[in-house]
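Take a look at the structure set out below.
Computation of the quantities below employed the complete heavy-atom set of this structure, encompassing side-chain atoms and omitting hydrogens, waters and symmetry-equivalent molecules. Sequence lines set the chain letters: A, B, ... in the order given, protein chains first and strands last, and positions in each chain run from 1.
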2 protein chains.
Amino acid sequence: MNDSTIQNFKEILRKEGLRYTKQRQAVWDEIQNSQEHRDAEDIYMSIRNNGVNVSRATVYRTIDVLVKNRMVRKMDVGDGRNRYEPRLGDAHHDHMICVETGKIIEFYNEELEDLQEKIAEENGYMLVRHIHQLFVKPLKK
Amino acid sequence: MNDSTIQNFKEILRKEGLRYTKQRQAVWDEIQNSQEHRDAEDIYMSIRNNGVNVSRATVYRTIDVLVKNRMVRKMDVGDGRNRYEPRLGDAHHDHMICVETGKIIEFYNEELEDLQEKIAEENGYMLVRHIHQLFVKPLKK
DNA sequence: CCCTTTTTGAGACTGAGTCTCATTCGGATA
DNA sequence: TATCCGAATGAGACTCAGTCTCAAAAAGGG
């Protein structure tokens with residue numbers, strides 16, 4: 001929402017040879033302004049409720065650009081709907097999903113990250129990215 | 001395909017209050033007889049090619065029973081189609097997917113497993129299951 | 001302001017998976 | 001082994017996230 005973020009977004013569009021439109025800005029604003037893990041429909045509805053006319057097609061198309069440029073992270077929670085969250089330069093993290101409440105908890109563990117790279121290398125590969133979700137339930141008190 | 005496996009399968013059906021049918025047996029046979037990571041359509045087509053009449057609905061319904069009873073593992077490779085593999089009592093493993101060739105490599109790392117339980121516990125949760133996929137590309141020679 | 005090119009949006013389409021319900025089958029019982 | 005009834009099956013309708021189409025609208029360089 002601040003100037004530097006908008007400039008950054010414009011730069012990415014330029015780099016991709018894409019035009020700056022209010023719809024694209026609205027999608028980025030919407031994702032950026034909420035730290036939650038939201039699905040596309042949710043993002044689409046919010047933008048419309050904010051009075052910006054946009055189509056689902058445009059929402060999906062813009063999300064793809066944002067994901068490709070690492071401004072947004074796409075995550076598969078396993079219920080058939082992808083969730084999105086802004087990256088905003090903050091450190092990488094994985095997710096823990098409570099199977100009882102659906103609550104999503106973020107976590108980051110250095111050791112875990114290193115181990116994954118090591119495993120890939122041991123097999124003759126380089127780690128590009130990973131999907132890692134822990135499905136958990138509350139510990140009995 | 002051998003007697004004890006069939007008995008085991010029948011036992012699970014009984015436990016679930018389900019009847020033993022040739023379609024259900026065919027689905028289990030099909031998954032069991034291939035160590036590959038196959039999708040539902042693939043399994044469905046193979047069974048039909050083997051001369052057993054079965055519907056997609058039955059394939060999906062049977063897979064659900066097998067997954068619930070831990071005879072089959074369901075995995076999300078991220079392309080919108082779930083893959084299935086037999087468990088056959090063999091040890092747990094995760095997958096590495098080559099983004100260049102699509103090859104799926106299985107791996108198991110004790111340290112990684114322990115670490116995940118530890119992380120869940122540190123957050124007041126118990127690990128129920130996890131999704132863990134490493135997307136990799138070949139190391140440059 | 002013009003003009004070319006890109007973007008948009010409404011809604012058609014896709015494809016994996018689920019649901020429906022009339023028909024068929026399993027298997028317990030006698 | 002024949003009967004019977006609830007469970008299982010299958011064809012295809014349906015769902016739903018996401019993609020595609022293409023005419024109309026907007027961007028933005030000149």
Measure from [atom1] on [X] to [atom2] on [N] and round the result to the nearest Å.
X: Gln25(A); N: dT7(C); atom1: CD; atom2: P; value: 15 Å
X: Ile43(A); N: dG18(D); atom1: CD1; atom2: C1'; value: 13 Å
X: Asp79(A); N: dC16(D); atom1: CG; atom2: P; value: 13 Å
X: Arg61(A); N: dC22(D); atom1: CZ; atom2: C1'; value: 11 Å
X: Lys10(A); N: dA27(D); atom1: NZ; atom2: C1'; value: 12 Å
X: Tyr20(A); N: dG29(D); atom1: OH; atom2: P; value: 14 Å
X: Asp64(B); N: dA16(C); atom1: CG; atom2: P; value: 16 Å
X: Met45(B); N: dG17(C); atom1: CE; atom2: C1'; value: 17 Å

[N], OP1 or OP2 - any side-chain N/O from [X] closer than 4.0 Å?
X: Ser55(B); N: dA11(D); answer: no
X: Tyr60(B); N: dG17(C); answer: yes
X: Arg24(A); N: dT8(C); answer: yes
X: Thr21(B); N: dT9(D); answer: yes
X: Asn82(B); N: dG17(C); answer: yes
X: Thr58(A); N: dG9(C); answer: yes
X: Gln23(B); N: dG10(D); answer: yes

Notebook entry, point to check: Taking for each residue the nucleotide of DNA chain D bearing the nearest heavy atom, is the 5' side occupied by Leu18(B) or by Arg48(B)?
Noted result: Leu18(B)
Check: Hey, does Asn53(A) reach any base, or is it just sugar-phosphate, or nothing, if we go heavy atoms under 4.0 Å?
Finding: sugar-phosphate
Margin query: If we ignore hydrogens and angles and just use 3.5 Å, is the side chain of Asn50(A) paired with the main-chain N or O of Val52(A) as donor and acceptor?
Written below: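 Side chain of Asn50(A) to backbone of Val52(A): no pair is present.
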Next item on the list: Please answer whether the main-chain N or O of Lys74(B) pairs with a side-chain N or O of Glu85(B) as donor and acceptor at a distance below 3.5 Å.
Entry: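 It does not hold such a pair.
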Next item on the list: Hey, which sits more toward the 5' end of DNA chain C by its nearest nucleotide, Arg19(B) or Ala57(B)?
Entry: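 Of the two residues, Ala57(B) wins.
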Margin query: Side chains of Thr58(A) and Arg24(A): any donor to acceptor distance under 3.5 Å?
Written below: no
Checklist line | Side chains of His37(A) and His95(A), donor plus acceptor under 3.5 Å | finding: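 Short answer, yes.
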Notebook entry, point to check: Which is it for Glu113(A) and His93(A) under the side-chain hydrogen bond (donor to acceptor under 3.5 Å, both in side chains) test, yes or no, and what are the steps along the way?
Noted result: CA-CA 9 Å; Glu113(A) 302 299 320; His93(A) 60 258; over 6 Å; no
